[in-house]
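In each ligand, atom 1 is the first atom listed, and ligand 1 is the first ligand listed. Positions are given from 1 along the sequence.
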Amino acid sequence: MHRLTLTIMACLLSCLALTAQEERERFVSDLMAKMTVEEKIGQLNLMPGSSFSTGEQKDSPLLQLAAEGKLGAVLNMSGEKDLRLLQDAANRKSRLGIPVMAGLDVIHGYETVFPIPLAMSCSWDMEAIEQSARIAAKEATADGICWTFSPMVDIALDARWGRIAEGSGEDPFLGGCIAEAMVRGYQGNFSEQNMMACVKHYALYGAAEAGRDYNTVDMSRIRMFNQYFPPYKAAAKAGAGSFMTSFNIVDYLPATANRWLLDYVLRKGWGWKGFIVTDYGAIDEIAAHGLGNLSKASAMALKAGTDMDMCSGGFIKTLTQSLDEGKITLQDIDTACKRVLEAKYRLGLFHNPYRFLDSKRRSTDIFTPEHRRFARQMAAKTFVLLKNDGNILPLKPQGRIALIGPMAHNRANMAGTWAPMARRSEIVSLKEAMEQRLEDKAHIDYAQGCNFTGDPVLQADGGAWIAAPWKNPDTLLVEAISAAEKADMIICAMGEESEMSGESHCRASLEIFDAQQRLLEQLLKLGKPIVLLNFAGRPTVMTWEQNHIPAIMNVWFGGSEASDAICDVLFGEAVPSGKLTVSMPQATGQEPLYYNQLPTGRPVGENAQRFRLYKSNYLDVRNDPLYPFGYGLSYTTFDYSDITLEGRTATVRVSNTGNYDADEIVQLYIHDVEASISRPVKELKGFKRIHLAKGESTQVSFTITDDMLSFYNQELEYVLEPGDFEIMIGPDSSMKNLKKATLSITD
Ligand code: BGC
């Protein structure tokens with residue numbers, strides 16, 4: 001096409017874009033001109049819908065609020081019927097008819113449940129992750145939801161923290177790619193099958209000290225910018241419509257009341273234009289942080305740049321008075337209100353408040369065979385094969401198989417944490433899936449074998465988690481041994497219950513529970529091949545298991561289709577390709593453990609086998625992880641050539657040298673050899689997921705961009721400092737598996 005024509009078209013397009021924005025702004029400012037202060041504050045109010053139910057609707061305080069124009073949004077309420085009542089109240093009864101937004105934690109799928117986010121990150125498959133978000137949006141919007149509190153993009157380095165299950169692990173670069181993919185998947189082009197993303201928890205929520213949820217955070221700004229902020233920034237750049245503040249303090253101020261964080265970094269620094277909602281009751285918690293009562297906290301939060309109050313009731317109860325007392329200005333309220341209304345406009349709610357309330361869609365768009373098929377493929381991509389001595393896996397579908405463990409016949413735990421809409425009665429257990437798969441080919445002997453934990457004391461007090469029913473351990477053991485004695489081989493399905501990770505579910509020890517390890521010891525004595533399937537929402541310490549069990553696969557919590565996906569991989573219909581996005585420790589005491597650490601002045605060296613005096617190490621455990629970041633085996637093997645470096649392009653030849661067609665995730669790491677500040681020993685800067693048939697090989701190239709070499713310096717300027725950079729390419733982050741070359745950058 002002619003250059004001039006292209007320029008005119010580009011110009012027209014940008015004019016059109018401007019017009020759409022101008023139109024939105026005009027609409028919102030016309031509307032705001034008609035609003036009272038109370039109505040404006042009402043838009044900043046988000047309330048829970050869980051207490052609402054059809055039947056008592058007339059008296060529902062929520063309907064009352066909506067009818068008075070004092071409700072901006074609702075959370076934890078889904079379904080066309082209830083949401084229609086609420087929308088009717090807002091749209092038909094309130095003075096200006098401003099629609100409400102319905103938000104929910106759609107974290108890893110809706111009724112079709114995908115693997116937990118930590119598992120999904122182990123697929124390193126951006127298209128699949130985006131597609132999972134797209135499907136989640138399609139299902140949730142068919143049930144009235146137009147806003148999801150996802151993606152959670154908090155970097156988590158400490159596996160004790162239960163919410164590590166909900167994020168994408170320890171790496172800022174990979175975390176950024178996933179954040180973008182999820183925002184794209186959820187929001188698309190804001191059709192009626194898309195919902196608005198809410199990036200959380202801004203910021204540093206994953207850095208809670210000692211891995212204890214809601215605990216304090218203290219870190220340097222350099223570290224924030226280089227290691228923790230990149231996924232938030234990537235999500236902001238991808239156009240996420242909203243952000244959620246975190247519960248923790250940042251630089252000694254609660255994130256919700258932190259102007260530097262919200263206004264200076266997110267809005268001014270990254271140029272992001274969306275609205276900010278607090279986490280659940282976070283304004284209320286400002287008092288507990290020691291910064292003043294609800295009224296003061298609400299004023300601080302608003303002035304800092306928070307636009308919507310989730311469930312504290314602080315804005316609705318106190319802002320009018322704070323305005324009268326001159327603690328906030330009308331401009332502060334207007335700014336927040338404008339952002340919320342613009343989000344509703346983007347969602348198309350002003351054009352049609354009932355846009356997401358199409359009763360027909362529930363039966364056609366939710367839990368469809370197509371969605372479930374996709375979820376099954378997705379789950380298979382997330383399993384990480386940690387050990388496979390003697391190529392025990394894949395298994396032949398024959399003979400007699402003992403299936404043992406507390407996860408072997410356990411439907412309730414398959415979906416994983418944060419799956420409130422899962423159709424639990426339609427989820428099959430591993431035993432059921434395996435029996436169906438092997439019907440005429442093999443015989444399955446099932447036994448629970450043990451309880452999850454050694455004693456029944458671990459019970460939730462007022463929370464959501466109820467431990468599985470307790471059974472007599474001696475009886476369970478007898479049943480397991482009897483099943484195993486008859487079998488040719490043993491599959492153990494063990495690990496955590498799904499609610500042992502997730503919000504507020506932190507653990508001080510990451511080892512497989514004693515009760516389970518004791519069972520493994522007894523089974524080993526039978527001298528039969530054993531495969532351990534580890535179900536977990538976080539890294540597990542499996543040092544003993546690595547030393548004794550021949551085959552180990554981490555299956556996380558794989559969602560509604562997990563059982564079938566596990567069978568696909570166990571019996572070779574799918575080849576494992578997942579790679580860890582978190583370092584798996586040898587001992588809990590190594591936490592926080594992560595690969596992209598800063599060097600010390602007394603390095604011990606990666607291969608040090610024993611304790612070394614006056615070096616940075618422990619007396620009783622080596623520094624390296626049991627399984628490193630990026631690690632994961634396949635049924636086939638891959639060979640990597642040395643790197644050829646031509647200009648800025650680094651290339652390796654990767655060959656599939658085994659017997660299966662398979663996917664490999666090729667990883668690029670960079671180390672800045674000398675800089676103005678200390679720089680990590682290595683950082684992931686690129687990756688490619690490739691498919692190779694057996695015997696096939698291919699060249700994989702990475703172009704080293706300025707961005708890959710840059711970092712935030714002491715002045716928090718983003719700089720590329722000339723000098724030498726070590727370029728490393730390989731199948732995981734361990735030095736012994738990486739090919740190396742040096743790239744020199746001159747001025
Ligand atoms: C969690 C958020 C969640 C919110 C609403 C909070 O307790 O920290 O991640 O989005 O509740 O359910």
Exercise for the section: Report yes if the distance between the aromatic ring centroids of F229 and W270 is under 6.0 Å, otherwise no. Expected result: yes
Handout entry: Test item: side-chain donor near acceptor, Y280 and E503, under 3.5 Å
Key = no
Exercise for the section: For the residue pair F225 and W260, categorise the inter-ring angle as parallel (less than 30°), tilted (30 to 60°) or perpendicular (more than 60°). Expected result: perpendicular
Practice task
Examine W161 together with Y205 and report whether their ring centres are nearer than 6.0 Å.
Solution key: yes
Problem - Lys/Arg N to Asp/Glu carboxylate O, R507 vs E496, below 4.0 Å - result: yes
Problem - Electrostatic pair R160:E591 at N-O distance under 4.0 angstrom - result: no
Completion exercise
Counting only non-hydrogen atoms and a 4.0 Å cut-off, the residues near ligand 1 are L75, D105, F149, R163, K200, H201, M244, F247, D279, Y280, M310, W418, E503
